[in-house]
Amino acid sequence: MTERIVLAYSGGLDTSVAIGWIGEATGAEVIAVAVDVGQGGESLETIRQRALGCGAVEAYVADASDEFANEYCMPTLKANALYQGHYPLVSAISRPVIVKHLVKAAREFGATTVAHGCTGKGNDQVRFEVGIQTLGPDLKCIAPVRDLALTRDKAIAFAEEKGLPIETTKKNPYSIDQNVWGRAVETGYLEDIWNAPTKDIYDYTATPEFPPAPDEVTISFEAGVPVAIDGVKVTPLQAIKELNRRAGAQGVGRIDVVEDRLVGIKSREIYEAPGAMALITAHKHLEDITIEREQARFKATVGQRWAELVYDGQWFSPLKRSLDAFIEDTQRYVTGDIRMVLHGGQAIVNGRRSETSLYDFDLATYDTGDTFDQSMARGFIELWGMSAKVASGRDIRVAGK
Ligand code: ARG
C-alpha cells in the first residue's frame with residue numbers, strides 16, 4: 001500500500017506546492033487538512049477544492065473555531081497569559097488544536113506521517129512536532145520547507161511549471177498568521193527593528209490616532225469566562241469576535257515587540273489582538289476584586305510560567321496540566337461584571353461589581369462607618385519590620401569594628 005502523509009494545509013502558496021513536492025520526494029499520497037481556528041479569509045470549501053486541484057488524494061476541513069475558543073483561548077484568558085509581558089500567544093495556542101486534528105485525520109486516513117509548512121528557524125515547527133510526538137508517538141514528522149529544500153523561489157517555479165490553481169504573482173512581503181485570538185505579522189521591512197510598522201500591516205485594528213466616539217462595554221464573567229456582553233448572552237467565540245470588532249475599531253490591542261524565540265533568536269513581531277487584550281484586561285480587573293491577595297500574587301507567577309510553557313510548545317506537557325489545575329481552582333469566584341471604555345487604542349476599566357467580591361466598603365472607607373480598628377496597625381508594623389531591623393543592627397555593629 002502507498003504510504004500516506006497528512007499535511008497541515010493553509011491554502012497558501014507554500015503548502016499548496018508542498019502537496020506535489022512531498023509526493024515527488026517521497027512517493028507518498030498526500031491528504032490535506034485545513035483547520036478553521038477563526039482565521040477568516042477564503043471559504044474552507046475554496047481551500048478544500050484548491051488542495052484537491054494541487055494533487056491531494058483527500059482534502060479534509062475541520063471546523064475547530066468553537067473548540068479553539070473554548071479549550072485554548074479561555075485557558076489563556078484565565079491565565080492572563082502574556083509571553084514576555086506582551087504577547088497573548090496567538091499562534092502558540094493554535095498549534096496544539098491543529099495538531100489534534102492532524103493526528104485525528106492521520107488515524108482516519110491511515111497515514112504514517114504528518115507534514116507542516118514551517119521553516120527550521122521558528123517556534124511553530126517545535127509546537128507542531130512536540131504536539132505530534134505527544135498525541136501520536138508512532139507518527140513521523142516532515143517539514144518540506146525545512147527538510148525537502150522547498151524554498152519560496154522553488155515553490156513559485158513548481159506552481160508555474162505544474163500549472164497549479166494558485167496565485168504566484170501577488171507577493172506579500174510579510175509572513176502572517178491569524179486566528180480569532182489575534183494576528184501576527186513578521187519579516188520584510190519589519191526586520192529592521194527601528195522601522196515603525198506602516199498602516200498596511202494592520203487588519204484587525206483601526207488606527208487609534210483618529211478614534212470614533214468612546215465605546216463603553218460591560219463584560220460579564222462566570223468563573224473566569226465571559227458569558228455576556230452588555231447583558232446579551234455570548235459563547236466564548238462570540239465574545240472574542242464581538243470584542244475584536246468593537247475594540248478593533250478603537251485600535252485596541254496593537255503590540256510591537258522583539259521576542260525571544262525558543263530556538264535562541266530574537267525576532268520582531270507585530271501583533272493585533274483587540275478582543276484578546278480587552279478580555280484579558282477586564283478579566284484581570286475582575287480577579288483583582290475576587291481573588292485573595294496571596295493566591296493572586298502566586299497566580300501571577302504561575303501565569304507567567306504557563307505562558308512560557310505554551311510559547312515553548314509544551315501545551316500537552318504534565319507541568320502545563322498541573323498549572324491548569326491550579327489556575328482553574330483560582331477561577332471559582334471570578335464571577336461578575338466589568339465595565340470598560342474602549343477608546344484611542346486603550347481599554348480602560350471604570351467599574352466593577354461582583355457577588356463574590358472581597359472588596360469590603362466598610363473596611364476600605366475613610367468616612368464614618370469605618371470598621372477597621374487602626375490601633376492594630378502599630379503592633380503589626382513593629383513585628384513586620386522586626387527581622388530587617390535586627391539585620392540592620394548587625395550591619396552597623398560589623399561595620400563599626
Ligand atoms: N512569533 C509568534 C510565535 O512564535 C508568531 C509566529 C508566527 N508568525 C508569523 N507571522 N507567521 O508564537
Side-chain angles (χ1 to χ4, degrees), residues 8-16 18 34-35 37-41 68 72-73 75-77 79 81-99 116-131 143-146 150-152 155 171-193 195 197-198 200-205 253-274 276-277 280 303-317 320:
Y9 184 64
S10 71
L13 173 70
D14 295 302
T15 52
S16 294
V35 183
V37 283
Q39 61 269 51
F68 178 59
Y72 297 81
C73 301
T76 307
L77 175 61
L82 296 172
Y83 178 67
Q84 292 186 311
H86 301 293
Y87 165 44
L89 299 173
V90 172
S91 304
I93 58 171
S94 75
R95 304 313 174 195
V97 69
I98 294 170
V99 163
H116 60 76
C118 304
T119 72
K121 291 179 74 170
N123 299 310
D124 286 325
Q125 54 172 344
V126 181
R127 297 169 184 150
F128 273 115
E129 293 179 32
V130 170
V145 175
R146 183 192 64 193
L150 177 57
T151 61
R152 190 94 192 162
K171 197 169 151 31
N172 190 325
Y174 305 111
S175 162
I176 299 169
D177 182 50
Q178 64 186 54
N179 60 56
V180 75
W181 197 240
R183 188 165 172 271
V185 187
E186 65 176 343
T187 71
Y189 165 85
L190 295 169
E191 284 171 358
D192 179 338
I193 60 177
N195 281 345
T198 47
D200 61 307
I201 283 170
Y202 296 106
D203 183 41
Y204 284 16
T205 53
R254 288 187 171 185
I255 302 155
D256 177 343
V257 282
V258 174
E259 71 191 29
D260 283 303
R261 285 190 195 161
L262 180 57
V263 296
I265 300 171
K266 284 193 188 288
S267 72
R268 204 272 187 93
E269 192 100 42
I270 307 296
Y271 299 104
E272 0 176 39
M277 293 310 287
I280 290 173
Q304 201 179 329
R305 190 73 188 91
W306 190 97
E308 287 163 1
L309 282 171
V310 170
Y311 185 89
D312 290 347
Q314 298 289 333
W315 181 273
F316 298 108
S317 70
K320 148 78 171 46

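Each residue takes its place number in the sequence, starting with 1. All ligand and atom numbering here is 1-based and tracks the order in the structure.
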A quick test of your reading: do over 12 heavy atoms of other residues, nucleotides or ligands sit less than 6.0 Å from CD of Glu308? yes
For Arg146, the side chain to side chain contact (heavy atoms under 4.5 Å, CB included) test, sequence neighbours excluded, returns Gln125, Glu129, Ala143
(request) Could I get the full list of side chain to side chain contact (heavy atoms under 4.5 Å, CB included) partners for Val126, not counting sequence neighbours? (result)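 By the side chain to side chain contact (heavy atoms under 4.5 Å, CB included) rule, Val126 matches Val130, Leu262.
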Ligand 1: which protein N/O atoms lie under 3.5 Å from its N/O atoms?
| from | atom 1 | to | atom 2 | distance (Å) |
| --- | --- | --- | --- | --- |
| ligand 1 | 1 (N) | Glu259 | OE2 | 2.6 |
| ligand 1 | 1 (N) | Glu269 | OE1 | 2.7 |
| ligand 1 | 1 (N) | Tyr271 | OH | 3.1 |
| ligand 1 | 4 (O) | Asn123 | ND2 | 2.7 |
| ligand 1 | 4 (O) | Arg127 | NH1 | 3.2 |
| ligand 1 | 4 (O) | Arg127 | NH2 | 3.1 |
| ligand 1 | 8 (N) | Glu269 | OE2 | 3.2 |
| ligand 1 | 10 (N) | Ser175 | O | 2.8 |
| ligand 1 | 10 (N) | Ala184 | O | 3.3 |
| ligand 1 | 10 (N) | Glu269 | OE2 | 2.8 |
| ligand 1 | 11 (N) | Ser175 | OG | 2.9 |
| ligand 1 | 12 (O) | Tyr87 | OH | 2.6 |
| ligand 1 | 12 (O) | Arg127 | NH1 | 2.9 |
| ligand 1 | 12 (O) | Arg127 | NH2 | 3.0 |

Sorted by chain and residue number, the salt bridge (charged side-chain N to carboxylate O under 4.0 Å, His left out) partners of Glu269 (sequence neighbours excluded) come out as none
From CA spacing to verdict: ring pair (Phe, Tyr, Trp, His ring centres under 6.0 Å), Tyr72, Trp315
CA-CA 10 Å; Tyr72 297 81; Trp315 181 273; 4.9 Å; yes
Item checked: Side-chain donor-acceptor contact under 3.5 Å, Ser10 with Thr15 -> yes
